[in-house]
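Some notes on the structure that comes next.
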Amino acid sequence: MSKIYYKSPEEVELIRESSLLVSKTLAEVAKIIAPGVTTMQLNKLAETYIQDNGAIPAFLNYNGFPYSLCISPNEQVVHGFPSDYVIQEGDLISVDCGVIKNNFFGDSAYTFSIGEISADRQKLVDITQECLKRAIDKAVVGSRIGDVGYAVQALAEENGFGVVRELVGHGVGVKLHEKPEVPNYGKRGTGMKLEEGMVIAIEPMINAGTASVKFWSDGWTVTSRDNQPSAHFEHTIAVKKGKADVLSTFSFIEEVLKEKR
């Protein structure tokens with residue numbers, strides 16, 4: 001197993017700066033995301049905004065990924081390619097973003113509800129976001145990775161949703177993906193113990209139906225096997241005593257969405 005990078009307080013602050021730029025980039029996406037807009041337009045906007053703010057899109061050319069955002073509509077779980085897909089009323093659009101600033105990475109994702117969505121889709125979005133909150137509550141010194149995963153799995157499954165197992169959260173900061181892996185399922189009291197200095201991305205990926213997924217031949221796009229919708233929320237957090245330090249935020253996005261309503 002490759003080693004864990006424990007971050008100093010100064011490094012955590014640099015990761016916070018990168019994570020907040022991710023959060024602001026997603027808020028820029030929130031300003032224009034609407035029926036009639038293509039997902040490629042969102043990608044171009046984000047790429048320009050990140051570069052204008054003295055940073056590098058972390059996903060662009062990462063292991064050959066050709067875009068600056070992962071944009072995954074409806075049944076796409078993660079790693080969707082921006083395209084000429086025209087966003088429709090009622091869609092769920094999951095947008096995952098990463099940046100490199102001052103040689104440190106930030107990573108966050110948000111699922112946007114486009115216009116009026118069905119009650120079933122609203123429940124999926126609400127539960128997935130609550131799964132993230134509950135997992136963050138467990139991400140403190142002395143907890144274990146299994147406690148974090150269990151928090152997601154228990155809430156999702158008691159609501160009849162499928163927890164994707166093939167894709168997981170991860171350490172982040174010095175690299176985009178570091179140890180430890182942070183699954184969205186697990187047994188309480190098992191797995192690696194969380195310690196001060198760990199910075200992890202927690203990212204529930206929850207399907208409305210089956211937990212099973214399909215991997216596309218493009219080598220990236222992942223969809224639910226039954227083509228039911230999926231939701232994805234992600235924060236970068238620093239493990240602390242008592243309460244996790246959430247380095248990314250949804251507040252910028254939520255302010256924009258409130259103004260648009």
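Atoms considered below: every heavy atom in the structure, side chains included; atoms not considered: hydrogens, waters and symmetry mates.
Contact check for Pro73 versus Gln76: side-chain heavy atoms found under the 4.5 Å cut-off. In this structure, Glu178 and Met198 have side chains that are not in contact, with every pair of non-hydrogen atoms separated by 4.5 Å or more. You'll find the side chain of Trp216 stays beyond 4.5 Å of the side chain of His79, heavy atoms only. A heavy-atom distance below 4.5 Å is found between the side chains of Ile200 and Pro180. The side-chain heavy atoms of Pro57 and Gln51, taken from C-beta on, include a pair separated by under 4.5 Å. Contact of the Phe161 side chain with the Lys123 side chain is registered, since non-hydrogen atoms from C-beta on lie closer than 4.5 Å.
Grouped with Phe215 in one hydrophobic cluster are Val77, Val78, Val164, Leu167, Met205, Val213, Val222, the linkage being side-chain heavy-atom contacts under 4.5 Å among Ile, Leu, Val, Met, Phe, Trp and Tyr residues. Clustering of Ile, Leu, Val, Met, Phe, Trp and Tyr by side-chain heavy atoms under 4.5 Å joins Leu60 with none of the others. Grouped with Phe81 in one hydrophobic cluster are Tyr5, Val12, Leu14, Ile15, Met40, Ile56, Phe59, Tyr62, Phe65, Tyr67, Ile100, Phe104, Phe105, Val172, Val174, Leu176, Val199, Trp220, Leu247, the linkage being side-chain heavy-atom contacts under 4.5 Å among Ile, Leu, Val, Met, Phe, Trp and Tyr residues.
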Discussion item. Would Ser113 and Leu92 count as a side chain to side chain contact (heavy atoms under 4.5 Å, CB included) here? Give the steps.
Written reply: CA-CA 5 Å; Ser113 305; Leu92 296 183; 3.9 Å; yes
Fill in: Derivation of the side chain to side chain contact (heavy atoms under 4.5 Å, CB included) call for Leu155 and Asn159
CA-CA 6 Å; Leu155 181 63; Asn159 282 278; 3.6 Å; yes
Practice prompt. Give the C-alpha distance, both sets of side-chain angles, the deciding distance and a yes or no for side chain to side chain contact (heavy atoms under 4.5 Å, CB included) between Val182 and Val148.
Written response: CA-CA 8 Å; Val182 186; Val148 176; 4.0 Å; yes
Item to complete: Go through the steps for Leu26 and Ser108 under the test side chain to side chain contact (heavy atoms under 4.5 Å, CB included), then give the verdict.
Response: CA-CA 9 Å; Leu26 290 172; Ser108 183; 4.1 Å; yes
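The nearest pair of heavy atoms linking Ala55 to Lys101 is CB-CB, 4.0 Å. Across Ser72 and Gly80, no two heavy atoms sit closer than the pair OG-N, 3.1 Å. Across all non-hydrogen atoms, the minimal contact from Ser83 to Thr38 is O-CB, 3.7 Å. The two residues Gly106 and Ser18 come nearest to each other via the heavy atoms N-CB, 3.6 Å. Among all heavy-atom pairs drawn from Pro35 and Ile114, the shortest one is CD-CG2, 3.6 Å.
Expressed to the nearest 0.5 Å, how far SG of Cys97 lies from CG of Asn43 amounts to 9.5 Å. With rounding to the nearest 0.5 Å, the separation of CD1 in Ile87 from OG1 in Thr39 is 6.5 Å. In this structure, CD1 on Ile202 lies 14.5 Å from CZ on Arg134, to the nearest 0.5 angstrom. Rounding to the nearest 0.5 Å gives a distance of 14.5 Å between NZ of Lys3 and NZ of Lys179. Here the straight-line distance linking atom CG of Asn102 with atom CD of Glu13 works out to 12.5 Å at 0.5 Å rounding. To the nearest 0.5 Å, atoms CD1 (Ile145) and CE (Met192) are separated by 6.5 Å.
The number of heavy atoms from other shown groups lying within 6.0 Å of NZ (Lys240) is above 12. Open room surrounds CG on Asp84; 12 or fewer heavy atoms of other groups in view lie less than 6.0 Å from it. In Arg144, the CZ atom is crowded: over 12 heavy atoms of neighbouring residues, nucleotides or ligands sit closer than 6.0 Å. More than 12 heavy-atom neighbours from other residues, nucleotides or ligands sit within 6.0 angstrom of NZ on Lys7. Under a cut-off of 6.0 angstrom, the local environment of CD in Glu158 is crowded, with over 12 non-hydrogen atoms contributed by other residues, nucleotides or ligands.
Under a hydrophobic-cluster definition in which Ile, Leu, Val, Met, Phe, Trp and Tyr are linked whenever side-chain heavy atoms come within less than 4.5 Å, directly or via other members, Val140 and Tyr6 are assigned to different clusters. Note on Ile71: it does not cluster hydrophobically with Val86, by side-chain heavy-atom contacts below 4.5 Å among ILVMFWY residues. Grouping the Ile, Leu, Val, Met, Phe, Trp and Tyr side chains by contacts below 4.5 angstrom, directly or via other members, places Val239 apart from Tyr150. Clustering ILVMFWY residues whenever any of their side-chain heavy atoms sit less than 4.5 angstrom apart, transitively, puts Leu20 in a cluster other than the one holding Val99. When the side chains of ILVMFWY residues are joined at heavy-atom separations under 4.5 Å, either directly or via intervening members, Val29 and Phe252 end up in two distinct hydrophobic clusters.
Formation of a donor-acceptor pair under 3.5 Å by the Arg121 side chain with backbone atoms of Gly90 is found in this model. In this structure, Ser143 contributes its side chain and Ala139 its backbone to no donor-acceptor pair below 3.5 Å. Looking only at distances, no side-chain donor or acceptor of Glu75 sits under 3.5 Å from a matching main-chain atom of Thr223. Using a distance-only test at 3.5 Å, with no hydrogens or angles considered, a donor-acceptor pair links the side chain of Asp147 to the main chain of Gly189.
Under a 4.0 Å N-O distance rule, the pair Lys44/Glu47 does not qualify as a salt bridge.
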Tell me which donor-acceptor pairs under 3.5 Å the side chains of residues 226-238 have, and how far apart each pair is, sequence neighbours excluded?
unit_1, atom_1, unit_2, atom_2, d
Asp226, OD1, Gln228, N, 3.1
Asp226, OD2, Thr210, N, 2.9
Asp226, OD2, Gln228, NE2, 3.4
Asn227, OD1, Lys214, NZ, 3.4
Ser230, OG, Ile206, O, 3.2
Ser230, OG, Asn207, OD1, 2.7
His232, NE2, Glu203, OE1, 2.8
His235, ND1, Ser248, OG, 2.7
Thr236, OG1, Asp107, N, 3.3
Thr236, OG1, Asp107, O, 2.6

Can you give each donor-acceptor pair under 3.5 Å made by side-chain atoms of residues 254-261, sequence neighbours left out, with the distance rounded to 0.1 Å?
unit_1, atom_1, unit_2, atom_2, d
Lys260, NZ, Ala30, O, 2.6
Lys260, NZ, Ile33, O, 2.8

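Under the rule for a ring-ring contact (aromatic ring centres under 6.0 Å, His included), the partners of Phe112 that lie at least two apart in sequence or sit in another chain are Tyr110.
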